[in-house]
Protein chains: 2
Amino acid sequence: MDTLEKVFEPDVLSANCPSRTLFNHVTSRWGVLVLIALQNDTMRFSELRRKIEGVSERMLSQTLKLLEEDGFVDRKAFDVVPPHVEYSLTAFGQEVSKRVRELASWIEGNLGDILAAKQP
Amino acid sequence: MDTLEKVFEPDVLSANCPSRTLFNHVTSRWGVLVLIALQNDTMRFSELRRKIEGVSERMLSQTLKLLEEDGFVDRKAFDVVPPHVEYSLTAFGQEVSKRVRELASWIEGNLGDILAAKQP
DNA sequence: GGAAGTACATACAAAAATGTAAGTATGGAA
DNA sequence: TTCCATACTTACATTTTTGTATGTACTTCC
């Protein structure tokens, strides 16, 4: 074994670990929904906006930009008027999307039981 | 087949679907970390606070209360002085925790590659 | 006897997230 | 010719989130 390995172990529970920042972006209010919406499709801005009920244009573009910077979303702009831009997931994006989708699906699939178990 | 089935299909992309609310709680800034921290342990309030770097007492108790109401966290209080309270995951909580952990682990495990792929 | 630890609640303040409205350049439909 | 659609950005206002400080009631350690 190499004596100089494992100098740094990523951990989302550590306040200043870069993985925490990425994790926050991915699990952000609109970030999770963008990842889910783009899972199997390439979509245009306004299509995304219609699919993700409740996002404002401002939040959607902000979220897309953040996920693009992190390397999870790919943005392809065509230089035409009116504007035409297509969003899709990168390979990394698909990996995280898959996991976010599994969480969402579990909640959706067990919603009845979860709600039934709540008292208040 | 029953003609009266599937009247309602839960979908986190729908603004007013109850699954969206649950999903938001679970993926909230501190919610994800609480779920991860409690995954294999029963912990006291101050232990959790130390483990989850950066949470304030206020946010931690607020998050725990929310997750308890949703039925993901179990709170056991002993009537002694000084106070003693133990937090753990319910069966539902363990299911969501598992999925949140998988997402976090993927990011932690691929952190180097993800950061290397970023331009800015 | 004073300080620290426990699990919070509460009031107040500051910071961050989000929404709203308007603007841009242009093409096509009514 | 007026309005809608496209993909945004920017300024401004509001809302939500988060942090800070303090208090509580009592026990144990120094």
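Protein chains get the first letters and strands the later ones, always in sequence-line order, with residue 1 at the start of each.
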If you assign A/Gln62 and B/Arg75 each to the DNA chain C nucleotide with the nearest heavy atom, which residue ends up on the more 5' nucleotide?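 By nearest-heavy-atom nucleotide position, the 5'-most residue is B/Arg75.
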To the nearest 0.5 Å, what is the distance between CG (B/Leu64) and CE (B/Met43)?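 Answer for the CG-CE pair, B/Leu64 versus B/Met43, is 11.0 Å.
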query = About how many Å separate OG of A/Ser61 and CG of A/Leu66, when rounded to the nearest 0.5 Å?
reply =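 Those atoms lie 11.0 Å apart.
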Exercise for the section: Go through the steps for B/Leu22 and B/Val26 under the test side-chain contact (heavy atoms from CB on, under 4.5 Å), then give the verdict. Expected result: CA-CA 6 Å; B/Leu22 256 356; B/Val26 162; 5.5 Å; no
So, is A/Ser61 near the phosphate of D/dT9, with a side-chain N or O under 4.0 Å from OP1 or OP2?
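Yes.
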- Determine: side-chain N/O of A/Lys65 to OP1/OP2 of D/dC8, distance under 4.0 Å, yes or no.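 A/Lys65 to D/dC8 OP1/OP2: no side-chain N or O under 4.0 Å.
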Nearest whole angstrom, please: distance from the [atom2] of [N] to the [atom1] of [X].
X	N	atom1	atom2	result
B/His84	C/dG5	NE2	C1'	13 Å
A/Asp79	D/dA7	CG	C1'	13 Å
A/Glu57	D/dA5	CD	P	12 Å
B/Lys76	C/dA7	NZ	C1'	17 Å
B/Leu60	D/dT17	CG	P	17 Å

Item to complete: For the pair A/Lys51 and A/Asp41, find out whether any cationic side-chain nitrogen is under 4.0 Å from an anionic carboxylate oxygen.
Response: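 Yes, this pair counts.
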[X] to [Y] - nearest heavy-atom pair and separation:
X	Y	value
A/Leu89	A/Gln39	CD1-CA, 3.7 Å
A/Phe92	A/Gly71	CB-O, 3.9 Å
A/Tyr87	A/Arg44	CD1-C, 4.5 Å

Numerically ordered, the residues 24-56 of chain A set in heavy-atom contact under 4.0 Å with DNA chain D is A/Arg44, A/Phe45, A/Ser46, A/Arg50
Of the listed C/dA22, C/dT6, C/dT10, the closest approach to the B/Arg58 side chain comes from C/dT10
Looking only at D/dA5, C/dG19, D/dT27, the nucleotide nearest the A/Met59 side chain is C/dG19
(message) Regarding A/Tyr87, tell me which of base, sugar-phosphate or nothing describes its non-hydrogen contacts under 4.0 Å with the strands shown.
(response) sugar-phosphate
